Structure formats: C-alpha cells, structure tokens
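It should be emphasised that the depicted structure is a prediction, and the values quoted were computed from it without experimental measurement. Just so we're on the same page: letters track the sequence lines, and every chain starts at 1.
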Number of protein chains: 4
Amino acid sequence: MSLTDLPLRRRRKEARPQELLDAALELFVEKGFASTRAEEVATRAGVSKGTLYLYYPSKEDLLKAVIKKNLSERLAAGAARAADFDGSATDLARSLLVDWWTQIYDDPAAAVFKLVITEARNFPEIAEFYAQEVITPAHALMTSIIQRGIDRGEFRPLDTSVAMHSLILPLIMVCLHKHSIGACSETPALFDGPTFIREHVDLVLAGMAAGAPNPVVHTPAALPAAPVRDRSPK
Amino acid sequence: MSLTDLPLRRRRKEARPQELLDAALELFVEKGFASTRAEEVATRAGVSKGTLYLYYPSKEDLLKAVIKKNLSERLAAGAARAADFDGSATDLARSLLVDWWTQIYDDPAAAVFKLVITEARNFPEIAEFYAQEVITPAHALMTSIIQRGIDRGEFRPLDTSVAMHSLILPLIMVCLHKHSIGACSETPALFDGPTFIREHVDLVLAGMAAGAPNPVVHTPAALPAAPVRDRSPK
Amino acid sequence: MSLTDLPLRRRRKEARPQELLDAALELFVEKGFASTRAEEVATRAGVSKGTLYLYYPSKEDLLKAVIKKNLSERLAAGAARAADFDGSATDLARSLLVDWWTQIYDDPAAAVFKLVITEARNFPEIAEFYAQEVITPAHALMTSIIQRGIDRGEFRPLDTSVAMHSLILPLIMVCLHKHSIGACSETPALFDGPTFIREHVDLVLAGMAAGAPNPVVHTPAALPAAPVRDRSPK
Amino acid sequence: MSLTDLPLRRRRKEARPQELLDAALELFVEKGFASTRAEEVATRAGVSKGTLYLYYPSKEDLLKAVIKKNLSERLAAGAARAADFDGSATDLARSLLVDWWTQIYDDPAAAVFKLVITEARNFPEIAEFYAQEVITPAHALMTSIIQRGIDRGEFRPLDTSVAMHSLILPLIMVCLHKHSIGACSETPALFDGPTFIREHVDLVLAGMAAGAPNPVVHTPAALPAAPVRDRSPK
DNA sequence: CATGAATGAGACTTCATTCAT
DNA sequence: AATGAATGAAGTCTCATTCAT
C-alpha cells in the first residue's frame, strides 16, 4: 500500500512534483522569483534542469503551482478547524489566530505570503487567485466570528473590518518578516514569533472586549499641514 | 532660492537624480527589481539609458540609493515631529501613528517598504541599513513613548515590544498591501487606508489603556496536536 | 505468403520499419527534418520514443533510410517499365513521363523529392546517393530514349540534355509544389497535377518533333547590362 | 551624398539590415532555417549575437524579412522590364524568361526560391506572401503575354496555364538545383544554367509556335494498372 | 522487445553595461 | 553631458538520446 511497493522509477515520479514545489518555494522566497534560475530549483530538488520541465511547462507555471498548492492546503486546514468549533467567539478567535496561525508561522509554507506580496503585480493571475481563494473566505470567516462576539456581548460594538484587520495583519506581517529581514543573519531578532502572536491577539481582543474604555475622540483638525516634497509633473 | 530660479538646463541636471530615484522606486515596486530593465527607469525619468549610468554606477547602486533616500527623508520627518511633542503618550502615539503615518501612506515613498521586504535577502546591505537606520531608532522611539505611557498610568503594564508591534505592523502592512495586491485593479479594495489607520490605532490603544480588562488566560495545553505534513529529508 | 497470415505480434514487428519510415517521410516533409522531433515520428507510427531507437540508431539514420527506401522503390519500377517497352521513342517517353510519373505524383513517396532538395546540403551522403542512384541512371535512360527518337527521325536533332531537362524538371517541380506551397490550405490550387503532366509532356514533345519550326535565333548581344546591386565584399 | 559622409556609427547602422539579410539568406539556404543558429548569421554579418536582435526581433522575423526583401526586389525589376516592352509576344517572353531570369539565376537572391519551398509549410505567412505577391502577379503577366501571342497568331491555341508552367517551372527548378544538389561539390554539374535557360525557352516556344505539329492523341485507357505498395491503415 | 523518465548539450533571447560619437 | 549602438554573459526552454524497468 505504501509508496515503497512501487518500482523505483514510478515512486520517484510521484514524489517529484512535491519535491519541486518545496524547492521552488524555498528559492523563490529566498532570492525572488526572477532571480532564481530554473536549474537551481531542479538541483535543490535533486533532479536535472530538463526534469523540471517534465513536470511544469514553464518557470511561471511552477510559481503558480507553488502558490496554489501551499495556500490551498493551509486554507483547508483552517476552515476545517473553524467548522468544528463551538465555544465562545473569543476562544474561537484565539484558536484560529493563535494556535492555527502559530502552526502556519512555523511551517515553511508561511513563506508563500512573501511570494504573493512580491509577485502579485507581475502575475495578475496570482492576485486574483489570492483574492478569491484566500482573502474572500478568510474575511467571511473572521467577520462571522467577530459579529457573533458582538451579538453575544463578548465584544463591544465595533467595525468588524477594522477589528479583523487589526487582528490579522500583524500575523501576516510576522510571516513576511520571518522570510525577509528576519532571515538575514546580520539583523537581530526582533521578537519570538509564537510569543508575539499570542500576546498580540490577547492585546487586540482586550481592546475589543465589552469592558474596554471608549476610545478617546480623535480630532483630525489638529493635524498640522504636512510638508510633502513637491511631486507635481514638470 | 528655489530651483525654479536656475536656468532650465542647470535645473534639469540638478533634478536628474531625484527624477531617476522616483522612476526607479515606481518601477522596482511595480515589477520587482530584477524584472525592471535599466532602460525602463531611464525612459520613465525622461533620459536615455546611458545617462542613468552617469548618475548611478550600476542598477544595484540605484536600488540602494532609492531605499536610502526614501527612508532617510521619512525618518527625519518623524523624529522631528516626536522631538517637538510634549503631550500625553496617547496623544503622541496618535500623532505619530495616525497623522504622520497617514502622510506616509499617501506618499509614493510608502512603496519603499515593499522594496525592502522584497529585496532584503538579495542585498544584505539593504537589510543592514534598514535594521540600523529604521528599525533601531523606530523601536527606541516607540519604546520610550509606550514606557512613558505606562509610567504615567495611561497604559497598563505591558510588554512594550508587543504593544509596539501590534500598533506598527498593520501600518506597514497597509503600505505593503497598497503597493502589492491593492494595486491590482482586478481585486476589490479591502478598506480605506487612512480610516483603517485611525481606527486601528484607537483599537489597540484601547487594549493598552489602563482600564482595559485583563486578557483572559490562554491555555496552550488545549492546543490539539497539529497534523503537519511530513517534511523530513528522505 | 501475405503478411496477413502472420500472427499479430509478429506482423506488427515486421511492419514497424515501414510504418516508421512512412511517418518520418510525412513529418520530415511537413515540418522539415530539423523541426521534426523524434518523438513525433514515433507517435505517428504508433510506438514510443524508445522503440524508434530500436530500429534506427539516430534521427539522421532514419532520414537516410527514408530517402533510400522511397527512391529505390520508384527507381526499380521505372527501370522495369522502360526495359519492357518496344514502341516508338515518343510513346516510350509518354509512358514513362506521363503514366509512370502520374503514379509517382499521386503517391506519398513523391514527397521524397522535397526532402532531397531540402536536406542535400546538410547531409552530403544524401546528395551523393541521389546523384549516383537516381540522377545518373535516369539521365542515361532519358538520353537513350531521346537519342533513339532522333535516330528514328521522330525528333529533330537537339541537345538531349536540354530536352531531357525541359521534360523532367517540371515533373519534379509539380511534386515539390504539391508538398510545399500546394500543401498550404490558404493558397489556391494552381493546376491539376495529372492534367498538367500530360499536357506539359505533349507540349515539349511537340517542340521536339521533327516537324517543329526552327527556333528563332536568339541574340545574346541584345542583352542589356543588368544593373545588379553591388555585392562585393567590403 | 554618399554614405561615407555619415559618422561611422550611423553609417554602419544603416548598412546592417542588408548585411544581416544577406548573411541570413546564405545560411538559411545553406543549412536550412532550423539548423542555422542566430549567432552564425550575426557572425557572418560581422556583428555579435545581440546586435542581430537589435534589428530583427526574432529569428523567424529575420526569415520573413529575408524572403520579402529578396522577392520584392526581383519582382519590381521584372514588372518594370515587362511594362517597357512592346515587341512580339515571343520576344517579350524571351526577354523575360531568358534575359531577366538569367540575371536572377546568377544573383544570390535566386536562393530565396529554395527558402520558400523549404519553409512554406512551417510558416503559413510565407506561403501566403508568396502566393499573393509572387505567384498571382507572375501568372497574370505570363497569361497576358501568352494570350497576346495566341491572339497575334504567333502561338497556336493552347492552354495558357500549361504553357506558362512548362516555361517557368524549369527556370525555378534550376535555381533550386543550383542552391541544393548543385551546391554539393561531390555531385557533377548537370548543365550550364544560362545555356539551359536559353535553350529550354526556345524549345518550349517552338512547341507553342503556330506551326508546331499537333500533339498525338494520348490514350489514358492504355495505362496498365499501377502496382502500388499497400498503404492501407492497419 | 517496449516504454517513458531522465539527462544535459545547445539554441534562442534578454539586458546590464560600455563607449564612440 | 548625453546618446544609443554594440556587446556577450546568462537565463529559459527544447529535444536527441540513454537506460532502468
């Protein structure tokens, strides 16, 4: 039943796509898509240049496959976790944002976020896939959780979109950081990822809680005129 | 005293470096450093390929100049603003994080964050510059503000590093988003940047406020074992 | 005695070489030798890439086999037909040039002329084979027929080489055309092959006939100097 | 007024396209389009690989330019010659087919016929260009000449299409031969091109002349069944 | 015998950089 | 100073050929 029963040639063929995707993710995040040579990916996956093209018709297709594969897997896991949950909104938010996201953070797949941010503008197809398959469902899920918390009196009335982004954006940002500046040995570590994730979520949930102090009124009028460099066309 | 007083030829010559840096920032952020041709930068700046090399000895040097120039300017502005301030910690945080950052968000220079995230690993010099010239002073500034807030009883005792990152990371993230997925016309806008910035800061400051409810104790033991795909080497 | 009597496996095995040669002829003529992939030939012949190499050690050997096989078969048929003939020179010429050549024209093997023209310079062995095995015997045969016609008073005295080429070249040319421009669906058909073959032969034989008018004297001196673009090396 | 007055850089730039086209024609005819490396063309034209791409965006575009340029020039020359002529149909046919064609035969541009024959099926655009720009006007011209000869009583009534092809096809064929088998040093020369051209035209014109003997009736019924190799699908 | 996964030399094309004008 | 023609290193992708199964 295991792969070991297959003839060697066949077994290797079935493992190749994943090996290539893993190698590609590493390298694309490490060096950027454009600066990674197709042969490097092949070599890191333990095959020759030509073999890569047996599995993916072009470097660009490889990129798309890397993103789709990694995002799809994570998504399925998160959605399943949320569907099974039946506690308070606060606990569900924690379960998803702390526990599940800590797993993401520790997984090499967390690097896809950097890839998406980096390559979205070059490959509209990627932006579209990400918007439809990741952002939209994630927003729907988070909105429903927060709304439930408001309805149950756990959270004070607030803009679900703002709360959602205040909760999520730092989580994405730590993943980006881990695979960008954070991966440069010369720069000092800024924080421990999992610890920050936990405490960040608690901090924002505290701000969302029913008992939180009213935010002080903000006075835009106090804004001094900004001296911005002239950028008018010549 | 203004540049406008100079004769046209002279003025254009003196404006060249800035025009080249602006064109380069736009293109590097739009298409990525590696995928931008030197000639494109020159053309967008209104000069020929050869002229670019009169001002910057290589494409890589141009990249470094773009980053240093844009970050340095912003930095000086923010530091000056903080030095002049003498109100409450909460107000100072708001002034910096809302007012100043909104200016940044609306400025083309905000794109430099994407560039740093994207290219840091390819050019260690950039990561180092960013760590020393941006992260370190920004951290010192934010830490002192938050600590002052704690000392003055505005904020409850909390980890300054966590609070700082909870406040700042979404601000950076909206800049990244604006110049990445947000720049793809196909994807719907997720939020209004300036509005989000203001409400996000208020939300987190509410969580930091002295009167905020104690965060509920988090129980890591409850974490179910994560079924992560095996990635051990073969 | 027929192949049909053999068991299927055995028969297919014995038919392989011919199937591969047929597929190769089609494709080499359709796309050119260099632009045809070995795997395409194999696929069109209904076998796998590896099998092709079981029968022919290289793509080039396959090309040579295609040419030799197709030319040799045609040659044998034509020589046999001529040897059996004992009528007038005019009738023999018609029999060979009209009847026999019409068969050639309608046969896929006619495509081999395009292959020879196309590949002769790349593969000297092909040019040599063609010169020795096709041109030389064909010339000998045609010369003897025309000479016989002159001797018998059917034809007026003329240069056998010129007459031979005037007769034959258009026949080759219609074969070339059929498998080149004529095979492009966008171009209109220029003529019906067999009809042209018949009428062309009659037209030239009329010019060769004893009663034909003397050709008007041609005056090369009248030739105006040709203004040809300078192509001298610099 | 001469090119020599221009600065060197400029002068070379203006000469490049023709130099590249000449080199490309030679090599494409010599080795075939697919077997010629872009760098070879560049080298023969005395420039580097990159320079070729400064003038032609791809190897295929270079091929198309080679064909269009060479055919267009020849065409213009022939049409001009015919337009100026006002003698008998026989003399005009001779002028065009002997004098003009001898010039073509001796010019390197004659090689373009091989290129068209060879590459037409791979590049439909070429076939279309050739059909529209060469075949159609050439047919119109030849048809009108022959028809005039018939009307004036120079030629007996005959199918203009047949006569035209009997006249022309050997002329094209000698060009093909010159740049194919004829270019292989191992093969003996079959004829002297210009001599053959002249005598061939005279021979066919003799067959077309008003006084030529009626061609003997051809009896297709006499055709023996052709023993063609079985090509039925398996 | 037959297959098709794997290889790697080789070809097209791009583009950072140079330098004559 | 400014230009843009020219270069050639380097990268993507193809495909003839091999060989384990």
>> Assuming nearest nucleotide by heavy-atom distance, tell me which of Ala34(B) and Leu52(A) is located more 5' along DNA chain E.
In response: Leu52(A)
>> Rounded to whole Å, please give me the gap between CG in Leu20(C) and P in dA16(F).
In response: 15 Å
> Are Arg16(C) and dC1(E) close enough that a side-chain N or O sits under 4.0 Å from OP1 or OP2?
Replying inline: no
> Counting side-chain heavy atoms from CB outward, which of dA2(E), dT17(F), dA16(E) is closest to Ser58(C)?
Replying inline: dT17(F)
> Is Lys64(C) positioned over the aromatic face of Phe129(C), cation under 6.0 angstrom from the ring centre and no more than 45 degrees off axis?
Replying inline: no
> Rounded to the nearest Å, what distance is computed from the CD atom of residue Glu19(D) to the C1' atom of nucleotide dA6(F)?
Replying inline: 14 Å
> Charged N to carboxylate O below 4.0 Å: is that the case for Lys31(A) and Glu119(B)?
Replying inline: no
> Rounded to the nearest Å, what distance is computed from the CD atom of residue Glu39(A) to the P atom of nucleotide dG8(E)?
Replying inline: 9 Å
>> With a 4.0 Å cutoff (strictly under), does any side-chain N or O of Ser48(D) reach OP1 or OP2 of dA6(F)?
In response: no
> Any N or O donor-acceptor pair linking the side chain of Lys49(B) to the base of dT3(F) at under 3.5 Å?
Replying inline: no
> From dT17(E), dC15(E), dT12(F), pick the nucleotide closest to the side chain of Tyr53(A)?
Replying inline: dT12(F)
> Is there side-chain contact between Asn122(D) and Ser35(C), with at least one heavy-atom pair below 4.5 Å?
Replying inline: yes
> When we call it a touch if two heavy atoms are under 4.0 Å apart, what does Tyr56(C) touch: a base, just sugar-phosphate, or nothing?
Replying inline: nothing
>> Let's test this: given Watson-Crick or G-U wobble pairing with both distances under 3.5 Å, identify the partner of dG8(E).
In response: dC15(F)
> In whole angstroms, how far is the P atom of dT12(F) from the CG atom of Asp61(A)?
Replying inline: 14 Å
> More 5' along DNA chain F: Thr51(D) or Arg37(C), using each one's nearest nucleotide?
Replying inline: Thr51(D)
> Starting at the 5' end of DNA chain F and moving along, which residue's nearest nucleotide shows up first, Phe33(A) or Gly50(A)?
Replying inline: Phe33(A)
> So which of Ile67(A), Val66(A), Val41(A) actually passes side chain to side chain contact (heavy atoms under 4.5 Å, CB included) with Leu21(A)?
Replying inline: Val66(A)
> For Lys13(D) and dC19(E), what is the distance between atoms NZ and P respectively, to the nearest whole Å?
Replying inline: 21 Å
>> Looking only at the side chain of Leu54(C) (C-beta and beyond, no hydrogens), which of the listed nucleotides dT7(F), dA2(E), dT17(F) gets closest?
In response: dA2(E)
> Counting side-chain heavy atoms from C-beta on, which of dA6(E), dC15(E), dT17(F) comes nearest to Tyr55(A)?
Replying inline: dA6(E)
> dT13(E) P sits how many Å from Lys59(A) NZ, rounded?
Replying inline: 18 Å
> Whole Å only: how far is the CG atom of Leu27(A) from the P atom of dG11(F)?
Replying inline: 13 Å
> With a 4.0 Å cut-off on heavy atoms, is Thr43(B) in touch with a base, just the backbone sugar-phosphate, or nothing at all?
Replying inline: nothing
> Across the strands shown, which category fits Ser35(C) at heavy-atom distances under 4.0 angstrom: base, sugar-phosphate, nothing?
Replying inline: nothing
> Hey, is Glu19(D) close enough to Arg44(D) for a salt bridge, meaning N to O under 4.0 Å?
Replying inline: no
>> Taking only side-chain N and O atoms of Arg12(A), does any of them lie within less than 4.0 angstrom of OP1 or OP2 on dA20(F)?
In response: no
>> Judged by each residue's nearest nucleotide on DNA chain E, which is more toward the 5′ side, Ala38(D) or Glu60(B)?
In response: Ala38(D)
> Is any side-chain N of the basic residue among Glu39(B) and Lys59(B) closer than 4.0 Å to the acidic one's carboxylate O?
Replying inline: no
> Rounded to the Å, how far apart are Leu62(C) CG and dC15(F) P?
Replying inline: 16 Å
